[in-house]
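The sequence lines fix the lettering, A, B, ..., with proteins before strands; numbering per chain opens at 1. All figures in this text were calculated on a predicted structure; none of them were measured in a lab.
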Amino acid sequence: MVTSFSVNGKEKTVQVDPQKPLLWVLREQLDLTGTKFGCGIAQCGACTVHIDGQAIRSCVTPIASVAGKAVTTIEGLKPESDEQHPLQQAWIEHQVPQCGYCQSGQLMSAAALLSENPNPNDADIDQAMKGNICRCGMYGRIREAIKAVAGSSVAEQFYDAMETNHG
Amino acid sequence: MGKWTRRAFLTTGVIAGGGLIVGVAMRPGNQAGELSDLLGDDGGQLVHAYVRIDSDNTITAMVPHSEMGQGAQTALAQMLAEELDADWNDMRIEEAPAIGAYSHYSLGRKYLLKGINFPDFIVPSVDGAMMKLMDNLGLQVTGGSMSIRMTGSLGMRVAGASTRQMLRKAAASAWQVPLKDITTDNSHLVHTPSSRREPYASFVNEVAKMTPSQTPEFKKAEDYKIVGKFVPRLDIPSKVDGSAQFALDIRRPGMLYATVIRAPVFGATIVSIDDQAARKIEGVADVIELPPAQSNMMIGGFQSSPAVAVIADSYWTAKKGRETLNITWSDVDLAARSSTDIFAQFAKDITASEERQSDRLQGDTPTQFLNASKVIEADYTVPFLAHTCMEPLNATAEISNGQCEIWVGCQNPLGFRKAVAEALSVDEEKVTLHNQLMGGGFGRKSRPDYAIQAAQIAKAVGRPIQLIWSREEDIRQDFYRPAIQSRFKGGIDENGKLLVWENTYVNKAEPTEAPLIPYAVEAQDIGHVSSPTHVPFGAWRSVDHSQHGFFTESFIDEAANATGKDALKFRLDLLKDKPRHLAVLKRAAEEANWETPLAKGRGKGISLQESFGSIVAQVVEVSIVDKSVSVDRVVAVIDPGLAIAPDGMKAQIESGIIYGLSAAMYGEITIQDGAVVESNFHDYRSLRMSDAPTIETHIINSGHELGGGGEPGTPGIAPALANAVYAASGIRVRSLPLMKAFSS
Ligand code: FES
Ligand code: FES
């Protein structure tokens with residue numbers, strides 16, 4: 001079956017089994033390997049991407065359900081320019097990644113949280129991030145990095161700009 | 001690359017493009033006598049560190065250690081940069097390729113050298129350093145927290161200091177000025193009187209002709225500018241935008257995907273395979289049987305059952321195919337088929353104590369028990385644990401014209417290469433291994449079973465393949481942290497003094513000192529019995545310390561409780577001759593406000609554990625509401641001698657604590673009918689953001705020998721937690737995981 005959707009702003013058409021999960025289409029067909037496989041059953045969050053701005057687990061999302069939608073992956077998290085997403089900057093500043101394998105998913109979950117709720121409290125952060133396992137245990141740093149961005153003027157400008165760009 | 005003389009410890013050479021390479025090879029100077037047999041037939045070059053200076057003055061540290069996420073490569077580069085006086089902004093890191101010249105694998109031979117002592121005066125030399133290296137090496141190759149301790153202090157520093165010394169000489173002779181007037185600064189040579197300044201790269205041709213000193217002068221710790229300071233890890237930017245390449249991200253032209261299933265009951269073989277349904281699935285290319293994988297390496301040797309592989313145009317298709325397979329496995333005759341049987345066997349074997357072997361025997365235990373006014377006894381158990389690295393096991397293999405290339409994230413590149421060569425029955429030279437970043441290692445990626453399978457499949461299908469294990473396979477086919485039972489008996493006199501400590505446990509592994517206690521207890525009898533099970537086991541972050549830390553630090557707490565003394569005070573009184581331990585423990589108590597009582601339903605617990613050369617104390621705070629335990633705060637203090645990368649060390653401690661806490665709260669691999677019950681993160685739980693405590697880490701740079709950071713955070717968390725739970729609830733948890741006694 002042919003499915004069309006956009007990935008990081010570009011139109012894509014793939015010919016695959018409609019049940020094939022988005023994760024494997026991204027990794028195997030579209031060569032976007034930043035999105036990771038960790039469990040395959042929506043338990044770890046390593047495969048988190050955005051569909052129309054919502055964080056979802058791509059390992060359990062059949063490609064057919066993505067038709068006509070806009071997918072954003074870690075590769076498209078930052079805007080077109082060289083600039084980094086404020087969360088990426090904060091991740092570097094707080095030296096968040098250890099092995100780094102879970103971090104694409106962590107960042108995508110955090111970005112979805114902040115775009116909905118620019119000023120999350122600890123409980124909001126727990127709620128948004130508890131689907132993302134980090135076996136290296138960098139939860140404290142992830143939380144600090146999110147808080148550093150939350151409510152900051154740089155983040156607001158960024159999200160304003162995103163809205164203007166992506167309508 | 002310049003000429004390597006067989007005997008040279010350090011060598012120099014010019015590389016293409018006009019750069020310089022300086023290598024340090026640590027190997028014994030004397031290849032005669034009893035050492036020669038131990039060095040194998042490769043000539044016995046043992047460990048290498050390299051520095052490369054390119055014509056644009058960038059400096060590359062070539063590091064013989066894999067990156068599991070611990071930041072070891074950055075720390076090693078820091079040590080080199082410090083001694084070389086390099087400009088950190090122009091430093092690069094490369095992992096040394098898995099070829100014989102880097103012979104890291106040979107490090108395992110230290111086991112054979114155990115017990116040989118070398119006089120201190122030879123230690124400052126490179127060959128003395130090598131001896132020391134062999135002597136101190138931990139269990140794994142990248143593991144045992146040894147990369148920084150050994151390669152760093154003995155390899156990178158020598159390479160850096162020696163290169164700097166040669167550069168200064170080269171500049172002095174080029175400028176015709178006295179050597180003493182030449183200093184270095186940020187990868188530049190400086191003539192102090194005239195302020196003349198030129199980059200290192202201008203002198204590389206001269207340096208290439210020199211013979212490096214094996215015993216260069218090192219900087220003084222107080223002059224450090226890079227070591228012990230915050231430097232951003234060089235690998236982090238690529239880990240926030242998806243560009244970091246892990247083994248799973250390798251793509252080869254014409255590559256197919258494969259997944260495997262091995263006998264659920266360890267040791268079973270294949271009776272028959274019904275693969276009709278799998279073969280009908282569109283995209284499935286083949287279903288093949290893989291012969292048993294094995295390796296008799298000294299580190300990471302193992303034997304595992306045959307497997308069935310499904311090969312397809314997508315991992316997802318291969319996995320679907322795998323699910324339709326109908327395989328009949330042979331029956332395995334097992335004495336203990338379930339976890340319950342296994343623990344019953346442990347208890348029986350401890351009670352019988354046949355062929356008990358001693359770890360420590362001192363003082364007169366029978367008499368001290370007679371002197372004791374109170375005797376306490378307790379049995380502890382911990383279950384089998386899987387590693388669950390975030391990145392499921394995978395490897396990509398390509399075989400053509402008799403050459404095998406393999407891309408894998410592993411903790412022992414040369415060992416893997418050897419194991420793959422053996423499995424393919426080819427010479428090692430025919431196998432090229434490209435080690436990749438690892439999405440976690442924790443000890444699991446020191447066993448090459450998955451790399452062997454990838455090579456077997458590539459050979460059978462004649463195309464490049466990427467083998468990906470499902471998470472289910474990862475959890476059910478691990479080399480598990482062994483389950484252990486440990487039995488204690490202690491005797492206390494009427495003044496509350498601990499007189500005697502008796503301990504028998506099953507199945508000793510490494511490090512040998514793990515069950516020993518630092519406390520001044522006069523009579524001690526610590527020993528073990530063997531009680532083998534059919535469950536494959538291997539190194540798990542901090543190895544035996546992870547179990548014995550829980551046992552000994554819980555039982556010492558029980559002893560304190562039995563005397564009515566404060567748990568901290570009780571420990572301090574038994575550590576009078578251990579100033580480092582005392583300092584660490586006191587600092588932790590202070591930072592955690594140990595004295596300040598908590599509200600009802602809350603409690604604090606403390607632990608102290610020395611492992612891999614570092615001493616760590618932890619204080620945990622818990623709250624218990626309606627039988628649900630929440631871990632609120634952990635204060636950790638580590639004395640690693642000197643923290644090369646303090647922020648990296650803190651991150652490692654945080655990481656080790658969360659890893660240990662996941663295990664202490666939830667971790668349990670259950671054996672039923674010979675096979676593992678758990679299968680994925682829903683039933684083999686990992687700590688999540690919402691259950692994670694705040695962690696405060698403090699470092700004491702005592703100036704002692706360097707200790708590790710990757711593992712020492714793990715052992716102390718389970719006992720500190722159990723001790724805190726006791727303080728909060730009066731319930732003594734002697735069996736992990738904790739959630740069996742509480743909900744969470
Ligand atoms: S791989 Fe999708 S949630 Fe784990
Ligand atoms: S950084 Fe390794 S799993 Fe999160």
| task | Decide, yes or no, whether a salt bridge links A/Lys36 with B/Glu391 under the criterion of side-chain N to carboxylate O below 4.0 Å. | result | no
| field | Electrostatic pair A/Lys20-B/Asp313, nearest N-O below 4.0 angstrom | value | no
Any side-chain to backbone donor/acceptor pair from [X] onto [Y]? Under 3.5 Å, distance only.
| X | Y | result |
| --- | --- | --- |
| B/Arg233 | A/Gln95 | no |
| B/Ser690 | A/Lys130 | no |
| B/Asn680 | A/Cys39 | yes |
| A/Lys78 | B/Asp241 | no |
| B/Arg688 | A/Ile133 | no |
| A/Tyr139 | B/Leu687 | yes |

Could you pull out the closest heavy-atom pair between [X] and [Y], with the gap in Å?
| X | Y | value |
| --- | --- | --- |
| B/Gly242 | A/Ser104 | CA-OG, 4.1 Å |
| A/Phe37 | B/Ser470 | CZ-CA, 4.4 Å |
| A/Cys136 | B/Ser655 | O-OG, 2.7 Å |
| B/Gly440 | A/Cys99 | N-CB, 3.4 Å |

| request: Can you tell me which residue pairs pass the ring-ring contact (aromatic ring centres under 6.0 Å, His included) test with a partner in residues 646-665 of chain B, sequence neighbours excluded? | output: B/Phe442-B/Tyr659, B/Trp540-B/Tyr659
| field | Check against side-chain contact (heavy atoms from CB on, under 4.5 Å), B/Met689 and A/Ile125 | value | CA-CA 8 Å; B/Met689 173 83 98; A/Ile125 295 177; 3.9 Å; yes
Relative to chain B, which segment of [X] carries a heavy atom at a distance below 4.5 Å: side chain, backbone, both, or neither?
| X | answer |
| --- | --- |
| A/Gln19 | both |
| A/Asp17 | side chain |
| A/Ile92 | both |
| A/Met138 | side chain |

Non-hydrogen atoms of chain A under 4.5 Å away: do they reach the side chain of [X], the backbone, both or neither?
| X | result |
| --- | --- |
| B/Ala244 | backbone |
| B/Thr388 | both |
| B/Ile657 | neither |
| B/Lys320 | side chain |
| B/Gln466 | neither |
| B/Ile695 | neither |

| request: Anything in residues 23-35 of chain A with a heavy-atom distance to chain B below 4.5 Å? Please list those residues in order. | output: A/Trp24, A/Arg27, A/Glu28, A/Asp31, A/Thr33, A/Gly34
| said: As a quick check of understanding, evaluate side-chain contact (heavy atoms from CB on, under 4.5 Å) for A/Arg135 and B/Ser662, giving each step before the final call. | reply: CA-CA 9 Å; A/Arg135 284 295 285 157; B/Ser662 277; 3.8 Å; yes
| said: Could you measure the distance from the CE atom of B/Met390 to the SG atom of A/Cys134? Nearest 0.5 Å is fine. | reply: 8.0 Å
| B/Val240 side chain near A/Pro97 side chain, heavy-atom distance below 4.5 Å | yes
| task | Report yes if the side chains of B/Gln652 and A/Gln98 come closer than 4.5 Å at any heavy-atom pair, otherwise no. | result | yes
| task | May I have the step-by-step check of side-chain contact (heavy atoms from CB on, under 4.5 Å) for A/Ile41 and B/His682, ending in yes or no? | result | CA-CA 9 Å; A/Ile41 59 164; B/His682 64 288; 3.5 Å; yes
| said: So, using ring-ring contact (aromatic ring centres under 6.0 Å, His included) as the criterion, who are the partners of A/Tyr101 when residues are at least two apart? | reply: B/Phe246
Would you mind writing out the side-chain donor-acceptor pairs for residues 60-68 of chain A within the sub-3.5 Å range, not counting sequence neighbours?
unit_1	atom_1	unit_2	atom_2	d
A/Thr61	OG1	A/Arg57	O	2.7
A/Ser65	OG	A/Pro62	O	2.7

| Interface residue of largest heavy-atom contact number with chain B, from A/Gln127, A/Gln103, A/Met129, under 4.5 Å | A/Met129
